[in-house]
Amino acid sequence: MLSALIWIPVFGAALVGFWPGTKTPSQLRSIALTIASVTLLWTFWLLTQFNIANPGMQFIEFLPWIEPLKLNYKLGVDGLSLPLLFINSLLTWLVIYSGTQQQARPQLYYALILLVNAGVAGGFLAQNLLLFFLFYELELIPFYLLIAVWGGQKREYAAMKFLLYTAISGFLILGAFLGMAWLSETTTFAYESLTTQNLPLNAQLILLTAILVGFGIKIPLVPLHTWLPDAYTEASPAVAILLGGVLAKLGTYGLVRFGLELFPQAWATASPGIAIIGAISAVYGALSAIAQKDIKRMVAYSSIGHMGYILLACAAATPLSLVGAVSQMVAHSLILAILFHLVGVIETKVGTRDLDLLNGLMSPIRGLPLTSALLVLGGMASAGIPGLVGFVAEYLVLQGSFSSFPVATLICVVCSGLTAVYFVILLNRTCFGKLDNKIGYYPKVNWQERTPAFILAALILLLGIQPTWLVRWSEPTTAAIAASFPANTYQIASVSQDSEVK
């Protein structure tokens with residue numbers, strides 16, 4: 001069942017990439033879209049079969065593979081990985097759907113998109129540390145090529161920077177995984193068999209630092225973020241959606257799965273520092289976004305700020321903050337996807353992303369009124385306006401983190417206000433004002449360009465109005481993770497003792 005989420009895109013990539021004869025970009029897009037549709041429907045079916053009350057791994061698949069290396073093919077899914085699997089399948093479908101008739105080198109393009117889908121799905125499903133590392137590295141080359149071949153003017157520089165940073169990330173994570181196995185003298189890399197509880201605290205902290213830096217590059221967090229603005233800006237809008245909506249979530253997922261869950265004691269020791277880094281990321285992302293003139297770069301910096309909220313929630317590790325962290329991962333993916341998609345539409349129709357040149361797009365006759373309206377919705381969701389999914393996620397994060405880190409949480413509250421500032425700047429300059437009389441009529445936005453934004457906007461609204469649909473999948477799993485956190489265990493024990501005294 002779970003293997004299908006990996007192997008259908010892999011076979012699809014091979015089918016598209018090595019299709020015999022000549023096919024038009026439209027025909028290749030249709031083949032890739034069919035494969036992505038099957039994967040998405042399979043994910044929907046998995047959602048219907050998933051037992052929400054069970055916090056553990058489900059649908060486990062096991063196949064012995066390379067025993068001397070302790071590498072086995074073991075997959076599983078729980079409430080932490082399931083929502084992210086859905087996001088991966090959905091955004092891949094939307095990216096392929098929005099492919100154009102003039103797509104350059106379509107065979108390679110769609111094959112790489114499907115390979116990215118398979119690699120990320122494998123990362124979310126892998127239950128063997130070495131298997132996770134293989135999938136973690138699998139998406140590296142496809143993303144490099146997607147930036148280097150279909151990117152902007154500085155694409156080669158941005159792609160190489162991305163490659164170097166993420167290669168270092170993989171090296172650190174592999175080192176941490178090997179260190180865990182060797183120091184704990186275990187005979188397996190199976191996730192459920194590994195424990196660090198018997199290791200000295202100093203050794204745990206060293207291994208956890210490698211995990212934090214490794215996944216911190218992938219997220220990315222300040223000061224490990226310098227590849228992000230270049231990669232997000234130079235990548236095409238479709239690839240930027242996958243970078244921010246999918247790849248970054250592999251980093252936040254790894255922090256919780258391999259940092260918090262495997263090193264609860266060391267995580268509790270390091271959590272104040274982690275919360276500070278989260279707050280710094282939120283401040284830096286917000287202030288940097290305010291200073292940008294390129295609206296795509298502004299959205300890219302806003303991503304750094306929102307990643308800081310997730311890190312704060314993970315540092316607090318309370319039941320509420322962790323369900324907020326997963327909710328923020330989903331919300332951020334949806335919001336970032338709609339913003340990057342609309343920025344791409346604006347650039348295509350207007351020919352620029354410069355705030356100083358954009359004006360009056362809300363004009364009902366000559367402008368892009370529907371695109372502008374959806375951009376307003378995306379900006380409001382990112383700023384945490386009530387009724388939209390961004391508000392739900394931020395509220396859970398801030399409410400759940402305040403008891404553990406009140407100062408860092410208040411800083412993030414201020415940053416939420418700064419988010420509203422830069423989106424007001426963006427919307428005010430692009431959507432409102434008088435359209436220059438020298439400009440004629442902008443080209444109309446077709447249905448293929450509108451549909452992804454409609455789907456994302458609908459999900460942003462639905463999950464904002466009915467947040468239960470968002471949190472119900474992850475709540476039992478995140479509650480179980482929080483229960484194993486030493487600080488929470490102490491609080492639970494204290495409450496129990498007080499109850500007995502009374």
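Predicted, not measured: the structure shown is a model, and the values here were computed from it.
In this structure Phe143 satisfies the ring pair (Phe, Tyr, Trp, His ring centres under 6.0 Å) test with no other residue, sequence neighbours excluded.
Ring-plane geometry between Phe86 and Phe44 is classed as perpendicular, the angle between the planes exceeding 60 degrees on a 0 to 90 degree scale with a lower cut at 30. Ring geometry for Trp473 versus Phe50: interplanar angle of 30 to 60°, hence tilted. Using bins of under 30°, 30° to 60° and over 60° for the plane-to-plane angle, the ring pair His332/His306 lands in the tilted bin.
For CD of Gln448, the number of neighbouring non-hydrogen atoms (other residues, nucleotides, ligands) closer than 6.0 Å is greater than 12. Around the OH atom of Tyr97, the shell of radius 6.0 Å holds more than 12 heavy atoms that belong to other residues, nucleotides or ligands. A 6.0 Å sphere centred on CZ of Phe171 holds no more than 12 heavy atoms belonging to other residues, nucleotides or ligands.
Side-chain contact between Trp93 and Thr43 is absent, with no heavy atoms from C-beta onward closer than 4.5 Å. Side-chain contact check for Tyr191 versus Glu261: some heavy-atom pair is nearer than 4.5 Å. Looking at heavy atoms from C-beta onward, Ile6 lies in side-chain contact with Phe135 at the 4.5 angstrom threshold.
No side-chain N or O of Ser416 forms a donor-acceptor pair with one of Tyr309 less than 3.5 Å apart.
Distance CH2/Trp227 to CG/Leu243: 6.0 Å, rounded to 0.5 Å.
For Trp267 (side chain) and Cys314 (main-chain N/O), a donor-acceptor pair under 3.5 Å exists by modelled atom type. Gln107 places a side-chain N or O within 3.5 Å of a backbone atom of Val16 that can act as its donor or acceptor partner.
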Does Phe258 form a ring-ring contact (aromatic ring centres under 6.0 Å, His included) with Phe132? I'd like the steps, not just the answer.
CA-CA 11 Å; Phe258 303 105; Phe132 171 86; 4.6 Å; yes
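Put simply, the residue from Leu370, Thr371, Asn446 that forms a side chain to side chain contact (heavy atoms under 4.5 Å, CB included) with Val345 is Thr371.
Electrostatic pairing of Glu234 and Arg155 does not count as a salt bridge here, judged by no charged N lying under 4.0 Å from a carboxylate O. Salt-bridge formation is not detected for the pair Lys154/Asp230: no Lys NZ or Arg NE/NH1/NH2 atom is positioned less than 4.0 Å from an Asp or Glu carboxylate oxygen.
Sorted by first and then second residue, the salt bridge (charged side-chain N to carboxylate O under 4.0 Å, His left out) pairs involving residues 117-127 (not counting sequence neighbours) form an empty list.
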